[in-house]
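These notes are about the structure you will find just below.
Both counts, for ligands and for their atoms, begin at 1 and track the order of listing.
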Amino acid sequence: MPPERNADASGVEPGRVSIKGLGPDALADAMRELGEPAYRAGQLRRWLYRDGAVTFDEMTDLPASLRTRLAHRFDLALPRLVERQVSSTDGTRKYLWRLADGVTVESVGIPAASRLTVCFSTQAGCAMGCAFCATGQGGYVRGLEPGEMVDQVRMVGVDFGERVTNAVAMGQGEPFADYDSTLAALRFMNAPDGLGIGARHLTISTCGILSGIERLATEPEQFTLAVSLHSAVQATRDRIMPGVRAQPLTALRETLIAYTHGTGRRVTFEFALIAGVNDTPAELSALVAFCSGLLCHVNLIPVNPVVSTASDRPAEKTVRAFQRALADAGVETSVRVERGADIDAACGQLTQRRSETG
Ligand code: SAH
Ligand code: SF4
């Protein structure tokens, strides 16, 4: 599919750099290169991520000559809404966006009493190939630009007419496979003149990329870390999460101990219980052993049976047994309540739809 450009007054042409590809630092550098004072970068950032400008022309507190130079140099595109589904049971909304080059990604908006959480995608597709995950089974397309991530979150907030209080990188893709873009996006989301979401309310979920966890520990912000564990038995994990075979559980545990010690922050483990795969007593004892002595919280998720193999839900009593055994071992545990089930908006149900046109 040929690249789609927004045919607005700024006259976007091929060959320009996407401004949504720049993180906060690169945006500041670009303004410096244009000979502009530092505060201009802040103005530009506000237009892009607080106000959701569609053209450079509407950035009225920038000098007209600068707006023209920006338009010559940069492409400015917003995701286009292709489809929106609203859950009739709990108000969860699922969005399908088409990006400037025609690639599509999904986001989910999850309303609660005083919260609005947006689950955003960091990549179109995913290369990690997890056996139970619809995204993983669809393969990898490309990483998203920082602005493409921020725009998902901002636009869901606009659709709800509410401030987004929490954002989680739990849509399509592996955030640490695109570390720099993801961190740049979180910084725009966190900035008071961006989306103004508190750092602790911004969560990255990783399948366990060790270098990403190590880097996150050194960042100044208190972003929240979630790790998709899904099995504390190496052979099982190798089978269901082939993308992290080279990053074994022993190393993961050591890295997380260093992370929790270094940051004082707790890590959340996601554990999708799959009948006959990781719901056995042996899996449970391995999980308890893995968690013991680690500052963590375990989120048990009865798997969403979205792929044909290895994804049956366990019996409810199995889920309760896991919960009880973990609690007995002093490990904090919760069981995830499924949201938006009628619109396939739950984890692992976000798929890359490439056949879309128009
Ligand atoms: N790639 C990252 C983040 C996106 S996936 C990661 O893997 O952590 C978001 C969460 O949904 C992860 O915990 C993932 O393991 C989980 N998930 C994927 N497919 C699922 C399914 N079918 N049922 C339940 N959880 C699933
Ligand atoms: Fe990728 Fe996460 Fe799905 Fe695994 S669970 S395939 S890492 S999106």
Side-chain angles (χ1 to χ4, degrees), residues 94 105-108 110 117-144 149 152 166-179 181-182 185-186 202-210 212-213 216 223-232 236-247 252 256 267-275 277-279 296-314 319 322 334-341 344-352:
K94 183 164 86 163
V105 291
E106 292 180 344
S107 326
V108 181
I110 309 152
T117 301
V118 179
C119 173
F120 64 95
S121 296
T122 55
Q123 302 182 314
C126 182
M128 307 310 292
C130 297
F132 48 84
C133 172
T135 307
Q137 291 306 299
Y140 173 76
V141 181
R142 72 164 170 91
L144 301 195
M149 300 182 211
Q152 294 172 56
N166 299 65
V168 295
M170 290 190 189
Q172 289 153 288
E174 167 48 47
F176 283 159
D178 266 307
Y179 186 94
S181 299
T182 302
L186 292 188
L202 292 167
T203 301
I204 302 184
S205 176
T206 178
C207 61
I209 310 275
L210 304 183
I213 299 170
L216 190 70
F223 297 132
T224 296
L225 174 68
V227 173
S228 296
L229 188 59
H230 305 318
S231 178
T236 311
R237 200 165 193 263
D238 285 351
R239 202 162 50 201
I240 61 176
M241 301 181 72
V244 279
R245 267 183 204 149
Q247 311 195 48
L252 176 62
L256 289 171
V267 58
T268 296
F269 288 127
E270 290 155 294
F271 200 100
L273 280 159
I274 311 168
V277 174
N278 61 1
D279 68 340
C296 67
H297 173 106
V298 176
N299 197 357
L300 297 170
I301 312 158
V303 74
N304 290 305
V306 287
V307 292
S308 46
T309 51
S311 67
D312 289 334
R313 288 197 160 175
V319 181
F322 265 64
S334 53
V335 177
R336 182 175 292 169
V337 181
E338 194 178 11
R339 299 287 307 262
D344 292 346
C347 280
Q349 300 190 341
L350 304 183
T351 53
Q352 178 65 27

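Near Cys207, the atoms of ligand 2 lying under 4.0 angstrom from a non-hydrogen atom of the residue are 7 (S). In summary, the atoms of ligand 1 found under 4.0 Å from a heavy atom of Val306, numbered by their order in the structure, are 22 (N). Shown in contact with Ala169 at under 4.0 Å from a heavy atom are these atoms of ligand 1, numbered in order with element: 3 (C). Taking every non-hydrogen atom of Val303 and a distance limit under 4.0 Å, the qualifying atoms of ligand 1 come out as 21 (C), 22 (N), 23 (N). For ligand 2, the atoms lying closer than 4.0 Å to a non-hydrogen atom of Met128 are 1 (Fe), 7 (S). Using a 4.0 Å cut-off to heavy atoms of Gly171, the atoms of ligand 1 that qualify are 4 (C), 5 (S).
Counting only heavy atoms from C-beta outward, the side chains of Val227 and Leu256 approach each other to under 4.5 Å. Using a 4.5 Å heavy-atom cutoff, the side chains of Leu273 and Pro302 are not in contact. Using a 4.5 Å heavy-atom cutoff, the side chains of Gln152 and Val118 are not in contact. Looking at Cys126 and Gln172, their side chains never come closer than 4.5 Å, going by heavy atoms from C-beta outward.
Here atom 2 (Fe) of ligand 2 lies nearest to Gly173 when heavy atoms of Gly136, Gly171, Ala134, Gly173 are compared.
Annotation: atom 3 (C) of ligand 1 to nearest protein heavy atom, Ser205 O, 3.3 Å. The protein heavy atom nearest to atom 15 (O) of ligand 1 is His230 NE2, 2.5 Å. Among all non-hydrogen protein atoms, the one lying nearest atom 6 (C) of ligand 1 is Ser228 OG, 3.3 Å. Among all protein heavy atoms, the one lying closest to atom 23 (N) of ligand 1 is Asn304 N, 2.9 Å. Taking atom 19 (N) of ligand 1 as the reference point, the nearest protein heavy-atom neighbour is Gly348 CA, 3.0 Å. In terms of protein heavy-atom proximity, atom 1 (N) of ligand 1 is closest to Gly173 O, 2.9 Å. The single protein non-hydrogen atom nearest to atom 16 (C) of ligand 1 is Cys347 CB, 4.0 Å, given as residue, atom name and distance. When hydrogens are left out, the protein atom nearest atom 1 (Fe) of ligand 2 is Cys126 SG, 2.3 Å; that is the closest non-hydrogen contact. For atom 3 (Fe) of ligand 2, the closest non-hydrogen atom of the protein is Cys133 SG, 2.4 Å.
The two residues Gly173 and Gln123 make their nearest non-hydrogen contact at CA-OE1, 3.5 Å. What you find for Ala272 and Asn278 is that their closest heavy atoms are O-ND2, 2.8 Å. The two residues Asp178 and Gly143 make their nearest non-hydrogen contact at OD2-CA, 3.1 Å. In plain terms, the two heavy atoms of Arg237 and Cys207 that are nearest each other are NH2-O, 2.8 Å. When every heavy atom of Val319 is checked against every heavy atom of Pro314, the shortest pair comes out as CG2-CG, 3.9 Å. In terms of heavy atoms, Ser205 sits closest to Ser228 at OG-OG, 3.7 Å.
Taking CZ of Phe322 as the start and CG of Leu300 as the end, the distance is 7.5 Å to the nearest 0.5 Å.
At least one N, O or S atom of Cys130 sits under 2.8 Å from atom 4 (Fe) of ligand 2.
Contacts of Thr206 with ligand 1, taken as heavy-atom pairs under 4.0 Å, involve the backbone alone. Residue contacts with ligand 1, taken as heavy atom pairs separated by less than 4.0 Å, involve Glu270 solely via side-chain atoms from C-beta onward.
For ligand 1, the polar-atom distance check against Met170 finds no nitrogen or oxygen pair separated by under 3.5 Å.
Using a 30° and 60° split on the angle between ring planes, His230 and Phe132 fall in the perpendicular class, above 60°.
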